[in-house]
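What follows is a short report on a single structure.
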Amino acid sequence: MQSLKGRDFLSLKDFSPEELWLLLKTAGYLKTGSYLHGQQEILSGKTLGMVFAKNSTRTRVSFEVAMRQLGGHALFLNAQDLQLGRGETIADTARVFSRYLDGIMIRTYAHDDAVELARYADIPVINGLTDWVHPCQALADIFTLYEKKGRVAGLKLAYVGDGNNVAHSLLYGGALFGMKVFVATPPAYRPSPVVVEEATAIAGETGGTVAVVDDPQEAVRGADAVYTDVWVSMGQEAEREERLAVFRPYQVNAELMALADERAVVLHCLPAHKGEEITEEVFEGPQSVVFDQAENRLHVQKAILAMLL
Ligand code: CP
Ligand code: NVA
């Protein structure tokens, strides 16, 4: 097994299934506390810079707590407050960061900006969400499925809603772990064909499958997990009315859930807009594991930080 030290974490597709399993196993150890003794030593004296160009509750708090629990520090850096906000280049920012920090987490709009940061930084860059993908989220989601179902390969994961950043990472992650990923979206909001093609190729190697469909019922029928995300992602606020109308038939509600396996779990990356992409009833219902899922961001990110920094 190759060391992950020094690697960037920009997209799940940059990792092999073996490497991702190593991260999940590490997350499991860190969560159960088998390695509790000595966790404070793991990143002792190390500092993570956390650049945020968008709002965040889970990513910000879980990364900061993760660094603290591993004995290091985290710095919250609002992108607008940095000289980046006044036009300093990403390349220069990356090289300056590399002289002070041991790792960078970035949440921003254009994925290319995270890639550019990683290109010029000589410390690991972790993607805390771009418009393109949300890899820490999807890895925590797969960890949650593993905890709940005892396996991931062969599970049917139905993602219903917008073919967005979260859907993209679930396509990559699900394919890498040999899952049957079904994504149901309105025709104009399908995931990128690039991602679908790449995920399909990965699934061909792992025994997984990838299907993009229009019909939420087809996606959810017999599913082991049903996943949704907001209909209006950060940066799309101007499209709100139009999106609410188009996505209405894609709501995860009791009627749709009735088609899933009776032991199916409900996942949502959060924040949720109850009454839009998911009903209050399903969100608060017995199949919902959304807060375990949110907790697992912490454990999975501790594993990522412990292995990469
Ligand atoms: N799921 C997620 O990334 O949440 P935040 O936007 O609160 O970080
Ligand atoms: N798709 C959402 C995810 C938030 C965690 C967004 O990009 O806003």
Side-chain angles (χ1 to χ4, degrees), residues 9-12 27 48-67 74 76-79 104-114 126-145 159-173 183-186 188-192 195 225-240 242-244 246-247 250-252 266-274 276-278 283 288-302 304-305:
F9 194 81
L10 294 175
S11 175
L12 293 182
L48 177 77
M50 309 190 301
V51 181
F52 282 91
K54 292 175 174 172
N55 296 60
S56 173
T57 295
R58 281 142 290 269
T59 305
R60 177 178 175 177
V61 178
S62 58
F63 266 106
E64 185 158 344
V65 171
M67 283 304 290
F76 173 77
L77 305 165
N78 182 329
I104 308 165
M105 188 244 87
I106 181 165
R107 164 168 290 197
T108 193
Y109 293 88
H111 186 71
D112 284 348
D113 288 352
I126 300 168
N127 181 353
L129 178 146
T130 60
D131 289 343
W132 183 247
V133 282
H134 196 2
C136 296
Q137 180 69 55
L139 195 59
D141 301 337
I142 290 164
F143 182 74
T144 307
L145 282 175
Y159 174 93
V160 179
D162 189 11
N164 61 12
N165 43 10
V166 170
H168 285 172
S169 280
L170 288 171
L171 280 162
Y172 286 133
V183 174
T185 69
Y189 296 89
R190 287 186 187 131
S192 157
V195 175
V226 179
Y227 198 123
T228 190
D229 182 18
V230 289
W231 290 340
V232 184
S233 283
M234 291 181 278
Q236 298 171 338
E237 290 75 10
E239 301 168 26
R240 182 170 169 78
E242 178 188 335
R243 284 176 164 267
L244 291 194
V246 176
F247 283 104
Y250 292 81
Q251 184 185 65
V252 173
V266 172
L267 296 163
H268 192 310
C269 57
L270 306 182
H273 286 212
K274 286 163 246 177
E276 293 179 16
E277 76 277 2
I278 190 164
F283 185 90
S288 169
V289 297
V290 299
F291 295 108
D292 293 331
Q293 187 187 355
E295 178 190 329
N296 284 333
R297 292 289 302 278
L298 171 67
H299 307 298
V300 164
Q301 288 161 197
K302 281 172 75 175
I304 294 168
L305 291 165

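Both counts, for ligands and for their atoms, begin at 1 and track the order of listing.
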Minimum-distance pair of heavy atoms, taken over all atoms of [X] and [Y]:
X	Y	answer
Gly173	Ile142	C-CD1, 3.5 Å
Gln137	Cys269	CD-CB, 3.3 Å
Val51	Ile104	CG2-CG2, 4.2 Å
Leu267	Ala225	CD1-CB, 4.2 Å

* **Numbering as shown, the atoms of ligand 2 that approach Leu270 to under 4.0 Å (heavy-atom distance)** =>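 Matching atoms, with element in brackets: 5 (C).
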What protein heavy atom is closest to [atom], reported as residue, atom name and distance in Å?
atom	result
atom 6 (C) of ligand 2	Ser233 OG, 3.2 Å
atom 7 (O) of ligand 2	Asn165 ND2, 2.8 Å
atom 3 (C) of ligand 2	Asp229 OD2, 3.6 Å
atom 8 (O) of ligand 2	Met234 N, 2.8 Å

For the 3.5 Å polar cut-off, considering only N or O atoms, please tell me whether [X] and ligand 2 meet it.
X	value
Leu129	no
Arg107	no
His134	no

* Would Arg243 and Glu276 count as a salt bridge (Lys or Arg N to Asp or Glu O under 4.0 Å) if you check the C-alpha gap in whole Å, the side-chain angles of each, and the deciding distance to 0.1 Å? -> CA-CA 10 Å; Arg243 284 176 164 267; Glu276 293 179 16; over 6 Å; no
* To do: Pick out which of Tyr159, Phe247, Trp231 makes a ring pair (Phe, Tyr, Trp, His ring centres under 6.0 Å) with Tyr189.
  =>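 With Tyr189 as partner, ring pair (Phe, Tyr, Trp, His ring centres under 6.0 Å) holds for just one option, Phe247.
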* To do: Give a yes-or-no answer on whether the side chains of His299 and Glu295 include a donor-acceptor pair shorter than 3.5 Å.
  =>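 Distance-only check passes for His299 and Glu295.
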* State, without any angle test, whether Asp113 and Thr108 hold a side-chain donor-acceptor pair at a distance under 3.5 Å. =>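 Checked: Asp113/Thr108 side chains show no N/O donor-acceptor pair below 3.5 Å.
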* To do: List in chain and number order the residues that pass side chain to side chain donor-acceptor pair (under 3.5 Å) with Ser62, two or more places apart in sequence or in another chain; answer none if no residue qualifies.
  =>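 With sequence neighbours excluded, Ser62 shows a side chain to side chain donor-acceptor pair (under 3.5 Å) to Gln301, given in chain and number order.
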* At a 4.0 angstrom heavy-atom cut-off, what protein residues surround ligand 1? ->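 Heavy-atom contacts below 4.0 Å: Ser56, Thr57, Arg58, Thr59, Arg107, His134, Gln137, Cys269, Leu270, Arg297.
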* Asked: Say you draw a straight line from SG of Cys136 to CZ of Arg107; how long is it, rounded to the nearest 0.5 Å?
  ->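 With rounding to 0.5 Å, SG (Cys136) is 9.5 Å from CZ (Arg107).
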* Could you tell me whether ligand 2 has any atom less than 4.0 Å away from a heavy atom of Asp162? =>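 Not so, Asp162 does not reach ligand 2.
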